[in-house]
Amino acid sequence: MSAIIELEHISKHYSPTIIGVDDVTLAVEDGEFVTLLGPSGCGKSTLLRMIGGFEEPTHGTIRLADKDVTFEPPYRREVNMVFQDYALFPHMTVGENVGYGLKVQGLGRAEIETRVHEALKLVGLFDKLKLRPQQLSGGQRQRIALARAIVRRPKVLLLDEPLSALDAKLREQMQIELKHLHEKVGITFIMVTHDQTEALVMSDRVVVMEKGRIAQEGRPQDLYDHPASPYVANFIGTTNFLPGQIARVEGTTAEIALGGGRLSALLDAPMAAGTRVTVGCRPEKLRLMAEGESAANVLEGRIAEVIYYGLGLRIAVELSDGARVHVDSLLPDRLARSAVPPVGLPVRVAVEPHNVFVFAGDVAP
Ligand code: ADP
Ligand code: MG
């Protein structure tokens with residue numbers, strides 16, 4: 001594999017105080033599906049627009065297929081952008097909408113027809129060829145917008161929150177469809193989203209952004225299992241954070257003193273005894289222990305609250321120092337009333353050392 005896009009030290013300063021993107025270096029492989037993920041205002045759209053040529057960087061270089069395109073206009077780049085609001089022409093048929101860009105390029109009728117049909121078949125809407133956009137549902141309009149983008153056969157497709165206008169059910173369905181479309185066409189996709197599930201479900205690689213910078217990038221599972229900071233641990237999935245101090249280190253295992261007890265953790269990087277840390281545990285990696293059961297890595301507390309959410313229970317446990325952790329537990333087939341622990345019950349919570357994240361400093365987000 002080779003890099004199709006190389007961003008080198010890219011920054012965008014809108015003004016001396018408004019920094020949209022701050023020194024981003026990133027290579028995207030040919031055919032990859034990369035997602036830029038982060039909260040509103042962290043610079044995702046600005047970065048995407050610079051790749052598309054709709055915005056000029058104030059610093060840095062952008063290469064597309066080994067060619068410096070930093071200051072090339074959009075039409076001189078083999079890149080196409082799908083906008084959030086689809087921007088379909090209401091007075092044109094679906095087929096005319098999809099073929100419009102090719103017509104502007106001056107392609108012949110037969111060639112346009114072949115490519116329009118091919119693109120509509122790819123998104124599963126060939127039978128809508130003669131309809132107008134307003135006769136289609138939101139999800140279908142989005143697929144037309146996609147067909148219009150891929151019909152020009154760009155090397156890279158840029159998608160800025162492409163599913164955000166759709167309702168939850170349809171969005172889930174389109175996530176899978178868009179992923180399949182990516183596999184079929186073999187074009188590089190770079191997508192922007194603030195929805196972590198969307199990023200995890202769809203991407204080969206996720207780039208988590210924080211205040212214009214890359215906080216961490218990697219395969220979805222690596223980010224989930226090895227977040228580099230509390231920011232990432234909190235943005236991808238849910239994490240309980242507890243302040244603590246490293247009491248002892250033996251090889252890659254650390255024993256951490258917390259207000260409510262002690263936990264062993266597997267360290268990703270070396271840390272010295274005495275270091276103040278923030279410990280992170282995901283609710284689904286914590287387990288309420290049965291009475292009389294013994295385990296090595298345990299926190300003690302009392303049930304403070306039980307929330308039923310269909311798939312399971314989220315149980316808030318108050319530790320002896322007053323801090324709370326959430327424990328998720330999936331329910332067995334049928335919810336036995338006895339399976340729901342009463343508020344106030346003393347409980348022990350177990351966690352495996354490799355499921356305990358340790359971050360240096362008092363840095364809970
Ligand atoms: P995101 O897409 O992650 O929500 P944006 O890239 O839109 O973030 O914005 C990043 C930062 O740059 C924000 O602080 C935003 O207010 C600012 N910004 C974006 N576009 C402009 C613009 N055209 N002029 C001035 N500031 C902008
Ligand atoms: Mg945006």
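Not measured: the values here are computed from a predicted model. Both counts, for ligands and for their atoms, begin at 1 and track the order of listing.
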Surrounding CD of Glu210 (heavy atoms of other residues, nucleotides or ligands, distance under 6.0 Å), is the total greater than 12?
yes
Ligand-side contact atoms (ligand 1) for residue partner [X], heavy atom cut-off under 4.0 Å:
X	result
Ile18	17 (C), 26 (N)
Gly20	11 (C), 12 (O)
Arg49	20 (N)

Between [X] and [Y], does any side-chain N to carboxylate O distance fall below 4.0 Å?
X	Y	value
Glu111	Arg115	yes
Lys285	Glu352	no
Arg143	Glu177	yes
Arg153	Glu118	yes
Asp68	Arg63	no
Glu250	Arg248	yes

Which protein non-hydrogen atom lies closest to [atom], naming both residue and atom, and how far is it?
atom	value
atom 24 (N) of ligand 1	Tyr14 CD2, 3.4 Å
atom 6 (O) of ligand 1	Thr46 OG1, 2.5 Å
atom 7 (O) of ligand 1	Ser45 CB, 3.9 Å
atom 8 (O) of ligand 1	Gly43 N, 3.2 Å

Residue-ligand contact Gly41/ligand 1, heavy atom below 4.0 Å:
yes
* Measuring to protein heavy atoms, does anything land under 4.0 Å from atom 22 (C) of ligand 1? ->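 Yes, there is a protein heavy atom closer to it than 4.0 Å.
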For the 3.5 Å polar cut-off, considering only N or O atoms, please tell me whether Ile19 and ligand 1 meet it.
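No: no nitrogen or oxygen of Ile19 is under 3.5 Å from one in ligand 1.
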Q.
Restricting to N/O/S atoms, is Ser45 within less than 2.8 Å of the Mg ion (ligand 2) or not?
A. yes
* From the candidates Lys12, Lys44, Met209, the one that places a heavy atom nearest atom 3 (O) of ligand 1 ->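 Looking at heavy atoms only, the winner is Lys44.
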- prompt: Hey, does the side chain of Glu293 reach the backbone of Ala290 with a donor-acceptor pair shorter than 3.5 angstrom?
  reply: yes
